[in-house]
Structures are given as structure tokens and as C-alpha cells.
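A short write-up of the structure that comes next.
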Amino acid sequence: MEREVRVRFAPSPTGPLHIGGVRTALYNYLLARKLGGKMLLRIEDTDQNRFVPGAEQYIMDALRWCGIEIDEGIEQGGPHAPYRQSERKPMYRQYADQLIRDGHAYYAFDTPEDLDAMRARLTAAKVPNPQYNSITRAQMRNSLTLPAEEVTQLLENGTPYVIRLKVPRKEEIRFNDLIRGWVVVHSSSIDDKVLMKSDGMPTYHLANIVDDHLMEITHVIRGEEWLPSAPLHVLLYRYLGWESTMPQFAHLPLLLKPDGTGKLSKRDGDKLGFPVFPLEFHGKDAETGEPTVSSGYRESGYLPEAFINFLAFLGWNPGTQQELFTMDELIENFSIERVSKSPARFDQNKVRWYNEQYLRAKPDAELAQYLTEELNQQGITVPADQAEQIAALVKERATFPADLAKEAQLFFQRPASYDEQVISKKWNPQVSAALTEFAAQLPAAADTSAEGIKALLTQVLEAQGLKIGQVLQALRVAVTGHAAGPDLMHIMRILGPQETAERIQAAVAALPA
RNA sequence: GGUCCGUUCGUCUAGGGGUUAGGACAGUAGAUUUUCAUUCUACCAACAGGGGUUCGAUUCCCCUACGGACUACCA
């Protein structure tokens with residue numbers, strides 16, 4: 001019988017999640033949903049020195065905003081709880097002991113100074129790749145070189161030690177990556193990685209293998225930065241006797257900075273000119289301890305659907321011409337084979353474009369609701385039907401919801417000034433007189449639709465011997481103050497005959513003919 | 001330095017032994033519009049280089065170059 005598909009997103013709570021992490025979570029989620037499996041969230045907090053308060057909550061909030069649903073995790077629990085590695089601490093030791101018992105791991109008592117000295121010695125000797133490995137361990141203080149009694153003595157004395165994996169000297173390690181195909185690495189290029197730290201916590205390498213095994217993970221989808229240590233993980237599965245149920249690996253291409261000079265990192269903060277975080281993050285400067293704020297996509301006005309659609313396409317595509325995908329469509333169409341191998345750069349223009357598409361696709365009523373709330377905050381009240389008309393008129397001009405409110409201002413504020421360029425070119429006694437007449441007739445207009453207003457205007461202008469092109473810009477400036485904006489007839493319709501007339505009269509009074 | 005991974009328009013990418021190398025974003029031009037924007041149309045624009053294999057390579061193989069990741073008692 002086929003195993004149930006189980007994937008995990010396993011971030012370390014050392015800060016907010018950046019968009020690369022979100023994409024990794026997304027691909028995990030898409031695969032899980034596509035294959036009818038489960039999505040787990042596991043917090044990898046085995047490094048107690050790098051704990052950042054709030055990071056864990058941030059991660060969960062960010063995933064929720066993105067629409068990435070977790071089936072098992074610290075909030076929702078599950079059959080393999082706890083889902084926080086620090087709380088699983090007692091579970092790891094036995095596996096390290098098992099490895100020692102089977103001769104695949106050993107105790108090492110070297111101090112940090114010992115290690116520095118070793119690396120300095122090897123570097124001085126021009127060894128191409130200084131590392132703690134099958135050669136150098138013979139010169140170090142560990143349970144392989146020390147007499148058994150001394151090892152026992154050291155352990156009993158409480159001497160600090162770590163447990164290291166005994167990586168074989170000559171062995172080819174290979175695995176079949178779902179994205180990259182066969183990857184082959186020689187064991188001589190891997191060092192004797194620390195499995196258990198001297199504080200009793202496992203390192204990532206041990207913890208992730210033990211947890212993935214215990215949690216019955218079937219696919220490990222993670223960033224390419226893990227590729228070099230994947231062979232080590234394969235070795236661990238083998239030595240622990242779990243190779244037959246080892247998950248399949250898929251190493252995702254990295255997300256690069258826009259200039260392509262390296263991978264995106266959370267330390268980029270706002271330096272790149274666009275947010276790297278889904279949600280705004282309030283943190284502290286690592287050195288000065290000063291409070292810092294990094295902007296987020298949510299706060300910048302991005303819709304989660306647009307953000308996710310864009311992110312999904314950074315490294316994956318469906319092979320069709322379709323660009324717009326809902327989460328359900330992404331799930332339907334996703335496949336790991338179509339993830340590309342090469343890294344992708346971030347394209348600000350394209351996220352904006354996606355946002356515009358999703359914003360315009362929203363029902364006017366929904367946009368109106370947003371608009372109403374925003375205007376209310378500014379102390380402006382607006383009738384529901386009017387808010388909807390404004391939203392419909394203005395949304396083609398908006399990238400972000402906030403643009404709606406900006407564009408709507410003209411309906412609630414009479415012009416404080418008039419566009420000078422248009423006035424100097426288009427405003428003259430004839431125009432002024434015609435507009436005065438138009439304003440006089442407007443309040444009594446029978447038809448106040450956009451078409452009706454236009455008909456009335458045309459009629460008045462004809463009587464004055466003017467063409468519409470000669471006055472329209474002037475009229476726009478008289479009504480709104482600006483040279484550009486949405487359709488003028490619709491603006492006047494929404495404003496209503498009375499308000500429009502008064503605005504025109506005010507302009508005529510203010511502007512010397 | 002060592003190990004590993006990668007390389008199609010400016011960007012995201014499709015394609016794949018014989019194609020006018022396709023799409024999207026951006027850019028440019030035109031049309032529409034009373035304006036800006038929208039919309040529509042068109043244009044611009046790519047297989048890193050060198051060797052093989054082959055009747056034929058952008059596609060398969062090798063090398064080079066370039067880029068990136070990793071190289072901690074961090075994940």
C-alpha cells in the first residue's frame with residue numbers, strides 16, 4: 001500500500017519568514033494538497049542562542065495570511081506532538097547512543113580552541129579542505145583515539161563533549177533528487193558532523209532526520225542551500241536503519257536578490273527597495289538593540305492571492321499560457337517535476353502587475369467596503385451605493401487598495417487649487433461663460449446619468465458655439481482641480497448636479513476669465 | 001581554496017535533435033478615450049563560449065567561462 005504523503009515546513013524561529021521561506025512552505029503545501037496528504041509545521045529551535053521572540057508566532061501568522069493551511073503543528077497538535085524541537089529534546093539522545101553503539105558515531109572532547117588550532121594547522125599545511133574527518137580525527141581527543149578507561153573517566157567527570165558522526169573515508173553517496181536527478185557526492189568531502197551539541201541539544205542534522213522519520217515524512221522539499229548536506233542525511237538514514245522509508249528529496253532553486261548577487265536573506269530587510277517579508281516585522285537591531293521595523297507585503301497593500309500567485313511562478317510554471325491561478329488552481333496544476341533547477345530573481349514589476357489583476361477582479365462591493373472603512377478613518381462618511389460606484393470607477397487606476405481611497409478624495413474635497421497648465425491653456429472668457437451657463441442649467445437637469453449630463457453639456461456648448469474638446473479639460477479642472485482622473489461624466493454623475501454646479505461656480509469665481 | 005548545483009529575451013519562463021525559438025512582466029510605438037490610467041494592436045528582445053556525437057544541435061556528451069550554495073557545537 002502507498003504511504004500517505006506527508007510533508008513538512010521546518011523553519012527555525014530566528015526571525016521573520018522571508019519570501020523564499022514562504023515559497024518553500026507554499027510548494028510543500030501545494031504538493032500535500034495535490035496528493036491528498038498532510039502538511040506539517042515543525043519549529044526547529046535547537047539553537048537556543050538564536051531564539052528571537054515573536055518569530056514563531058510570526059511564522060504562523062504569515063502562513064495563515066498566505067492561505068497556507070497547516071494540518072499538524074504546534075497550534076493544531078497532531079499524532080506526533082510536540083512539534084517544537086526544543087520540546088522533543090529527550091527523544092534524540094537514544095538515536096545518538098544507537099549510532100555510537102553501532103560504531104557510526106563517537107564522543108569528541110575537543111575544545112573550541114582545539115578545533116581552531118586544528119583548522120589553523122591544516123590551513124598552514126595548505127590542506128585544500130580543512131575539516132574534522134576520517135584523517136584528522138586520529139589526531140583529536142575523541143573516543144576513537146583515547147583509551148576506553150579515559151573516555152569513561154571523562155564522561156563520568158562531566159567533561160563537555162559532542163557526539164560526531166563517523167563518516168566513512170571512501171564511499172560514494174548518491175540520492176535521486178526529484179528536481180535535480182542523481183546527485184553523487186564522495187564521503188571524503190563530508191566532515192564528521194556534530195550530531196549532539198555539548199548542551200545536550202541535537203544539531204539540525206540529527207534532529208531533522210529523527211523527526212522526519214518519526215513523523216513519517218515522505219517528501220523533504222527545502223531550499224538548495226541544503227543540497228550539500230543531503231548526502232550526510234542519507235548516511236544518517238542508512239546508519240539508523242531507516243533507509244527503506246527515507247523521504248524523497250527535492251531541493252528548490254534559490255531566490256536571488258534582484259541584481260542576482262546572492263540569495264535573498266532576511267537580513268536584507270528593506271534594503272532592496274521592496275519588502276522581503278510577508279508581514280511587517282517589529283524586531284531589534286542585532287548589534288544596537290534598537291527597535292526596528294521591516295515592511296511587509298500585507299501592510300504594503302498586496303493581496304495574499306496576488307502575492308502567492310506571483311511566488312508560485314518564481315521557480316515553477318504549469319507549462320501553459322495561463323498566468324492567473326487561485327490557490328485551488330495551483331494545487332490542481334502543481335507538480336514537483338515542473339519546478340525549475342535554476343535560481344530566480346525577484347521582479348517587483350510583476351508582483352505589482354499581479355496585484356492589479358487581483359484587485360480589479362474583486363467585486364465592487366468588496367472594494368467599496370474597504371474604501372468605506374478607509375474613508376471612515378479619515379473622518380469621511382460615504383453612502384454604501386456611492387462607495388460602490390466610486391470603487392467601480394476608480395479601480396482600473398489602482399495598484400493597491402490604498403490607491404482607491406487616494407483616487408476617491410476628489411469626491412469629498414472641493415479643489416483647493418486648479419491645475420495651472422490647463423488653466424493657462426484652456427481657460428478663457430468664452431469657456432468661463434459656457435461653464436457658467438452649464439452650471440446654471442445642471443440642477444434642473446432631467447437626466448442625471450453620465451450620458452444625460454454629457455447631452456446637456458453638448459447642448460449648452462453648441463448654443464455657445466463651442467466644441468466639447470475646447471472646454472472639457474477646463475471643466476475637469478473646475479470640478480476636480482486636476483488635469484487627470486477618471487471619466488469626467490461619471491465623476492459629475494456621482495457628485496450630483498448640485499455639487500457639480502457649485503464647484504463650477506466656485507471655479508468661475510476663483511479664476512480670472 | 002575544496003565540494004556540489006546551475007546558465008533560453010532586461011526579468012519570470014515555455015520548448016526541445018530539423019520551430020519564423022512561444023508566452024508574461026517591463027520597455028517602445030500606434031489605436032481608443034475629453035485627460036492620465038485602463039483596454040486593444042504592433043514592435044523591440046534570448047539559446048554564455050569552445051569542442052565533440054550527428055545529415056543536422058539551442059536541445060545529447062565533454063571542457064572552459066560565469067553565477068550561486070555549502071564549507072560552525074547555525075539552521
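These numbers come from the heavy atoms of this one structure, side chains and all, not from hydrogens, waters or symmetry mates. Note on naming: letters A, B, ... go to the chains in the order of the sequence lines (proteins, then strands), and numbering restarts at 1 for each one.
Here Lys89(A) pairs with nothing under the side chain to side chain donor-acceptor pair (under 3.5 Å) rule; sequence neighbours left out. Residues satisfying the ring-ring contact (aromatic ring centres under 6.0 Å, His included) criterion with Phe400(A), sequence neighbours excluded, are Tyr302(A). Legend: residues meeting salt bridge (Lys or Arg N to Asp or Glu O under 4.0 Å) with Arg93(A), ordered by chain and number and at least two apart, are Asp97(A). Checked against side chain to side chain donor-acceptor pair (under 3.5 Å), Tyr237(A) has no partners two or more places apart in sequence or in another chain. Checked against salt bridge (Lys or Arg N to Asp or Glu O under 4.0 Å), Asp110(A) has no partners two or more places apart in sequence or in another chain. Residues that satisfy the salt bridge (Lys or Arg N to Asp or Glu O under 4.0 Å) test with Glu171(A), not counting sequence neighbours, are Arg238(A).
Comparing the C1' positions of A46(B) and A21(B) gives a spacing of 9 Å, expressed to the nearest Å. Taking atom P in both C43(B) and C5(B), the straight-line distance is 42 Å, to the nearest Å. A distance of about 8 Å separates the C1' atoms of A65(B) and A48(B), rounded to the whole Å. Taking atom C1' in both G2(B) and U8(B), one finds a spacing of 31 Å when rounded to whole Å. C44(B) and U28(B) have their C1' atoms separated by 7 Å, with the value rounded to a whole Å.
Among the protein residues, Val471(A) comes within range of no part of the nucleic acid, since none of its heavy atoms lies under 4.0 Å from any strand. Asn349(A) comes within 4.0 angstrom of sugar-phosphate atoms only, judged by non-hydrogen atoms across all strands, and of no base. Heavy atoms of Thr46(A) sit under 4.0 angstrom from primed sugar atoms or phosphate atoms, though from no base atom. Looking at heavy-atom distances under 4.0 Å, Phe313(A) makes contact with sugar-phosphate atoms alone, never a base. The residue Thr123(A) sits apart from the nucleic acid: no heavy atom pair falls under 4.0 Å.
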Q: Could you encode protein contacts along nucleotides 65-73 of chain B as a string, one character per nucleotide from 5' to 3', using B for base contact, S for sugar-phosphate-only contact and - for no contact, with a heavy-atom cut-off of under 4.0 Å?
A: ---BSS--B
Q. How does protein contact run along nucleotides 32-44 of chain B, one letter per nucleotide 5' to 3', with B for base contact, S for sugar-phosphate only, - for none, heavy atoms under 4.0 Å?
A. --BBBBSS-----
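Among G23(B), U7(B), C25(B), the nucleotide with an atom closest to any side-chain atom of Ser342(A) is U7(B).
Separating the CH2 atom of Trp316(A) from the P atom of A24(B) is a distance of 17 Å, rounded to the nearest angstrom. Here A75(B) presents its P atom at 10 Å from NE2 of His233(A), a figure rounded to the nearest Å. The nearest whole Å value for the distance from the NZ atom in Lys350(A) to the P atom in G10(B) is 15 Å. If you take CD1 of Ile43(A) and P of A75(B), they are 14 Å apart, rounded to a whole angstrom. The CZ atom of Arg88(A) sits 17 Å away from the C1' atom of A75(B) (whole-angstrom rounding).
Across all strands shown, the partner of U7(B) is A65(B), judged by Watson-Crick or G-U wobble contacts whose two distances both fall under 3.5 Å. Pair assignment for U20(B) gives none, since no Watson-Crick or G-U wobble pairing has each distance under 3.5 Å. Taking a pair to require two hydrogen-bonding distances under 3.5 Å in either a Watson-Crick or a G-U wobble arrangement, U54(B) remains unpaired. Across every strand in view, G2(B) sits in a pair with C70(B) that passes the Watson-Crick or G-U test at under 3.5 angstrom. With a cut-off of 3.5 Å on both Watson-Crick or G-U wobble distances, the partner of U39(B) is given as A31(B).
Against RNA chain B, the stretch residues 12-20 of chain A makes heavy-atom approaches under 4.0 Å through Ser12(A).
Residue Arg174(A) places none of its side-chain N or O atoms closer than 4.0 Å to OP1 or OP2 of C4(B). Residue Ser189(A) has no polar side-chain atom (N or O) positioned under 4.0 Å from OP1 or OP2 of G2(B).
Ring to ring, Phe307(A) and Tyr358(A) are not that close: their centroids are 6.0 angstrom or more apart. Proximity of the aromatic rings of Tyr204(A) and Trp226(A) is defined here by a centroid distance below 6.0 angstrom, and this criterion is met.
Using a 30° and 60° split on the angle between ring planes, Phe310(A) and Phe346(A) fall in the perpendicular class, above 60°. Using cut-offs of 30° and 60° on the angle between ring planes, the pair Tyr354(A) and Phe313(A) is tilted. The aromatic rings of Phe334(A) and Tyr27(A) sit tilted relative to each other, their planes meeting at an angle between 30° and 60°.
In this structure, Arg164(A) fails the cation-pi test against Tyr107(A), since its NZ or CZ atom is not both closer than 6.0 Å to the six-membered ring centre and inside 45 degrees of the ring normal.
Residue pairs meeting the side-chain hydrogen bond (donor to acceptor under 3.5 Å, both in side chains) criterion with at least one partner in residues 450-461 of chain A, sequence neighbours excluded, are Ser449(A)-Glu451(A). Within the structure, the side-chain hydrogen bond (donor to acceptor under 3.5 Å, both in side chains) test picks out the following pairs touching residues 482-495 of chain A (sequence neighbours left out): Gln389(A)-Arg493(A), Asp487(A)-His490(A).
Under 4.0 Å is where a charged nitrogen must lie from a carboxylate oxygen, and between Arg180(A) and Glu224(A) at least one such pair does.
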Please produce a list of atom pairs where a protein N or O lies less than 3.5 Å from an N or O of nucleotides 46-48 of chain B.
none

